[in-house]
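Below you will find the structure I want to go over with you.
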Amino acid sequence: MSALPVESVNTHAKTAHRLGPVDAIPVGEARTFAVTGIQVAVFRLRDGTLRATQAQCPHAGGPLADGQIDLMKVVCPLHARAFAFADGRCAEGDQIRIYPARDEAGEIVVEL
Amino acid sequence: MERPDLVVIGNGMAGARTVEEILARGGGRQFRITVFGDEPYGNYNRIMLSHVLASGGSADDIANIYLNPPDWYTENGVTLRAGVRVVRIDRFARKVFADDGTIMSYDKLIIATGSRTFFPPMDGMWIDDRTLTEGVFGFRTLDDTTAMLDYARGRRSAVVIGGGLLGLEAAHGLQRQGLRVHVLQSGPILMNQQLDDEAGAILRKVVERMGIQVRIGARAKAIRSAGSVTGVVLSDGALLETDMVVVTAGIRANVGLAVVSGLTVERAIVTDDQMRSVDDPDIYAVGECAQHRGEVYGLVAPLWEQATVLADHLTGADLKAAYHGSKTATKLKVAGVDLAAMGLKRPEREDDEFVRFSEPKHGVYKSVVVRDGKLVGATLLGDVSKVAFLTQSFDRGLPLPEERVKLLFELAGPSGAQSVAEMEESVQVCNCNGVSKGALVSCVRSGTRSVNGVIAATRAGKGCGSCKKLVREVIEWAMEQGGRAVEVDQSANWYVPAIPLDKSALVAAIRERGLRSVSQVFAELAPGGEDAASKMALTSLLRIIWPGTHVDERDARFINDRVHANIQRDGTFSVVPQIVAGVTNPEQLRRIADVAEKYDIPMLKITGGQRIDLLGVRKEDLPNVWADLDMPSGYAYGKSFRTVKTCVGADFCRYGLGNSTQLGIDIERRYQGLESPAKLKLAVAGCPRNCSEAMVKDIGLVAVGEDRWEVYIGGAAGASVRKGDVFTTVVGRDEAVRLTGVFIQYYRENARWLERTYDFVPRVGLAELQALLVEDRDGIVAGLEERMQASIEAYADPWLEGRAPVTPGQFHNALPLIPLPLVPIRDGSSSPTGVPVPTAIATNGAVG
Ligand code: SRM
Ligand SMILES: Cc1cc2nc3c(=O)[nH]c(=O)nc-3n(C[C@H](O)[C@H](O)[C@H](O)COP(=O)(O)OP(=O)(O)OC[C@H]3O[C@@H](n4cnc5c(N)ncnc54)[C@H](O)[C@@H]3O)c2cc1C
Ligand code: SF4
Ligand code: FES
């Protein structure tokens, strides 16, 4: 069960982690990375933006990276809870953690 | 002037409901209200604890049982002291004293302290006078329930002491958690308060058939423990080994406070018809801690009535309001057992009429007791179709049909609509949440337009659920009365939520504009753009419209269709190789066995679809598992053609009239894996004995001799059960295969997303389908056949993708490193006690 390799660079308060080439994630999909022991799901939206969230659904542990997404939300594959990328909330009340993420010259950078 | 202080002791179902009723009568302006509640929560629906236990107690289940969360109290100006227990009442100083040191004056006091579990004296039950032996539980509070669930995890067996309603619900709940459960009932039958001997004996059989062991006449004498419970000693000296004990041998009213304050207490606090203590006009008692005309109730329906009277009287809204006692009806909330009982269980007077029907073999027992032409008792076990009618007759004393047998059977009796119209407004429709017909009607009148809207606003039907059908009928009736059609949600006809078009318009638009990818469809037709919830349905539709030439976008597929396996609760997958028509051979079996060993497959299971499931496969192992199996996908994960079940048929069976196995193989080979709006499950039977259950399949073929096959469509035996309609009778194998394809293609092109044939066939109409597809009235059959042929030709086994993944990391685990031990490993053998090891903890809704 290997996670994708990760390289970390210290900045200020949060640490920016370089998770490898953006192309490791197909457009419109997500992959999970283990970043300093924390599971992070990184999504590559169809408009090119990257988004990062906690990897496990707070409802019953569903793998969010296996969910379906659009520009606003990710839908958990297990019971279809839809979490907004904006604030991590879903209609049922649960909330997921959102991490800042960006594409830096073709590389995935996530801060946590 | 300061508002007088109203203090309520007890924040349970009666206390909180009484406060609601008081507020509804403007009591919030009249009184400063303070509620003390021993339990550290808002107010919750105690009845639902049985569901929480049975469903495993996820955060969701628990969130759903709250009636009034803490915010509700603040919003209504009520001070809630949750987690604070009142320990003394000083009637002369008019003060209550709480265990946190609070001393509070009252002008009016309501005691609603309910009951607690009665623990019969027994050696080994207690560690000291407050602490139960580890592993011994009562079943009364949310804390009891969550503690039981925590403890049950990983345990194998439980003994429930007491075989009443609560005991059976506890037993069922624990059994659902995977425990082997024994119920000890010292009396002669189960639920002896509600049932007579014969019904009790039938119930016992029903319960035992569910795998719960029942010991009648067994009295527990002592509890054995070694730090925690290890067994129960019975009065005959026998030892029953067990990991936990739940005591449901009765309840006792919480009346200690009242006794020391000098109020008259018998079995509970004695009240008058206004629910006031007979000793003190400023103290009321309500709920299970109140005794009215000699009765102490242990159910919620009476307390709704008591709360109204109390509130009427206390607020002065109706000083003449009086409570005259309640008639009680009970329903057992155990999945798979339908049981309702009300009033008398047997005749008591010479001229009471007693009508009875008993069919022990099928677990059915029904009886009614009629006195002076009125229903005074009824028991329904195994068939509760008449329960709504009987409950109303019982509650209201309605006139009964002269032919008493109609009370038990659906022969006649008022039809649904008629009886709804006849119901008085005050009739309680939902007992769990105390919602009357009038409340539903006025919710409709005040403008709520949809059935679900009314349900959400009134909470009707959200308790035990047994009234759901009646609730819906009442709402629909009220809407018709108001001249309003039940609001039709426009979007209900859209094929996907993001695009305001029904299926035929959507298909036309896609064809016309030549849209071949899901993102193109969004760009051109979806006003709000891309929508995750619409993607899967659109992918399926494009594959049907453009076989082999649509542009595949992986993100538009549901995870199951990205990796061609069914996602499971822990993020692993199941693999079901194709075993065409259930026929296999040693070589396939050997390969499956080898793969199971090589990849440590946690469970190998024969499915209900006549094939073998390898469960718990890690995503990253999927490609290798497929390669080693070297068998095509069985499509057990998709909205697609699934399986054809067959029976052995003419080649082997002495009754066989047709070669059902071969026909099944031919059909499955031809239509394998085709995507469709919902699953398609077929079967072929060699004669009308129907061993492959062909009459309850989406399409079923039954041999009737001389190479003729009867074709059934629209059958189902899953969440809905429907016998298929006879479509036609065809002659010969080729014709059977062809017509099957014609129906499938028509269904693929015309059914709504996720609409199974059991809904599709009745919606379109059998006669219409026969005209279109059998008689070819409109000349569409040739086109259907042609498009079906194109789909078949475009088919490729998706498991070949394992050899060359389509996207980077297609089989990369989405949850690496996190141990999720929820799905237990099974080796297929039995546990030492002969019972399978516990199953998973919570049930999840189906994904797709
Ligand atoms: C494996 C199997 C149970 C078994 O151990 O035998 C099974 C397992 C599931 N069934 Fe089933 N069904 C299985 C036979 C059936 C049958 C019996 C049959 O096929 O003859 C039925 C009744 C027939 C029918 O469909 O009408 C059946 C009616 C359902 C339903 C109810 C569908 C309905 O509309 O009535 C669902 C829920 C749904 O589709 O939304 C469901 C959903 C499921 C899902 C896929 C839940 C989900 O969405 O994840 C289960 C996957 C479990 C897993 O983790 O892999 N399963 N399911 C059976 C696989 C058969 C196969 O070889 O393909
Ligand atoms: C598992 C289960 C299933 C049930 N199923 C059904 C069913 O299907 N149908 C049905 O009609 N009934 C059912 N019942 C019974 C129903 O729940 C009760 O009749 C109802 O809850 C009684 O309400 P109550 O307010 O009198 O008591 P309770 O709901 O018990 O409330 C009393 C409250 O007072 C608190 N309290 C006690 N003493 C003090 C004190 N000194 N200071 C402060 N607070 C105090 C208690 O902590 C408790 O919260 C079920 C009960 C259980 C346990
Ligand atoms: S969907 Fe329900 S019935 Fe089907 S396998 Fe899962 S738990 Fe069993
Ligand atoms: S686990 Fe995500 S919705 Fe249930």
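In what follows, every heavy atom counts, from backbone to side chain, and hydrogens, waters and symmetry copies are set aside.
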Could you pull out the closest heavy-atom pair between B/Gly571 and A/Pro63, with the gap in Å?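 So the two residues come closest at CA-CG, 4.1 Å.
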Under 4.5 Å from any heavy atom of chain A, what part of B/Ser519 do you find: side chain, backbone, both or neither?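 Only the side chain of B/Ser519 comes within 4.5 Å of chain A.
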Report yes if some heavy atom in the side chain of B/Asp531 is under 4.5 Å from a heavy atom in the side chain of A/Lys73; otherwise report no.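 Heavy-atom side-chain distance check passes, below 4.5 Å.
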To check you understand the geometry: which heavy-atom pair defines the closest contact between B/Arg557 and A/Gln68, and what is its length?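 B/Arg557 and A/Gln68 have their closest heavy atoms at O-NE2, 3.0 Å.
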Are any of the side-chain heavy atoms of B/His812 and A/Ile25 separated by less than 4.5 Å?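 When only atoms from C-beta onward are counted, A/Ile25 and B/His812 do not touch, as no gap falls below 4.5 Å.
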Smallest separation among heavy atoms of B/Ala532 and A/Asp70, with atom names: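 Closest heavy-atom pair between B/Ala532 and A/Asp70: N-OD2, 2.7 Å.
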Examine whether an atom of A/Asp23 lies under 4.5 Å from a heavy atom of chain B, and if so say whether it belongs to the side chain, the backbone or both; otherwise answer neither.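 It is the backbone, since no side chain atom gets that close.
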Side chain, backbone, both or neither: which part of A/Val27 has a non-hydrogen atom closer than 4.5 Å to chain B?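 It is the backbone, since no side chain atom gets that close.
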Could you tell me which residues satisfy salt bridge (charged side-chain N to carboxylate O under 4.0 Å, His left out) with B/Lys535, sequence neighbours excluded, listed by chain and number?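 Testing B/Lys535 for salt bridge (charged side-chain N to carboxylate O under 4.0 Å, His left out), a comparison that skips the adjacent residues, returns B/Glu530, B/Asp555.
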Closest heavy-atom pair and its distance - A/Leu78, B/Gln568: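 Minimum heavy-atom separation between A/Leu78 and B/Gln568: CD2-O, 3.6 Å.
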To the nearest 0.5 Å, tell me how far A/Leu71 CG sits from B/Phe522 CZ.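 Going from CG on A/Leu71 over to CZ on B/Phe522, the span is 10.0 Å.
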Mind ranking B/Ile559, B/Val563, B/Asp621 by heavy-atom pairs under 4.5 Å with chain A and telling me who comes out on top?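 The option with the most such pairs is B/Ile559.
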For A/Pro26, is there any backbone N or O sitting under 3.5 Å from a side-chain donor or acceptor partner on B/Arg554?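 Flag not set: sc B/Arg554 to bb A/Pro26 has no pair under 3.5 Å.
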Structural part of B/Ala63 lying under 4.5 Å from a heavy atom of chain A: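 Looking at B/Ala63, nothing touches chain A.
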Say you draw a straight line from CZ of B/Arg569 to NE2 of A/His79; how long is it, rounded to the nearest 0.5 Å?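 Output value for this atom pair is 7.5 Å.
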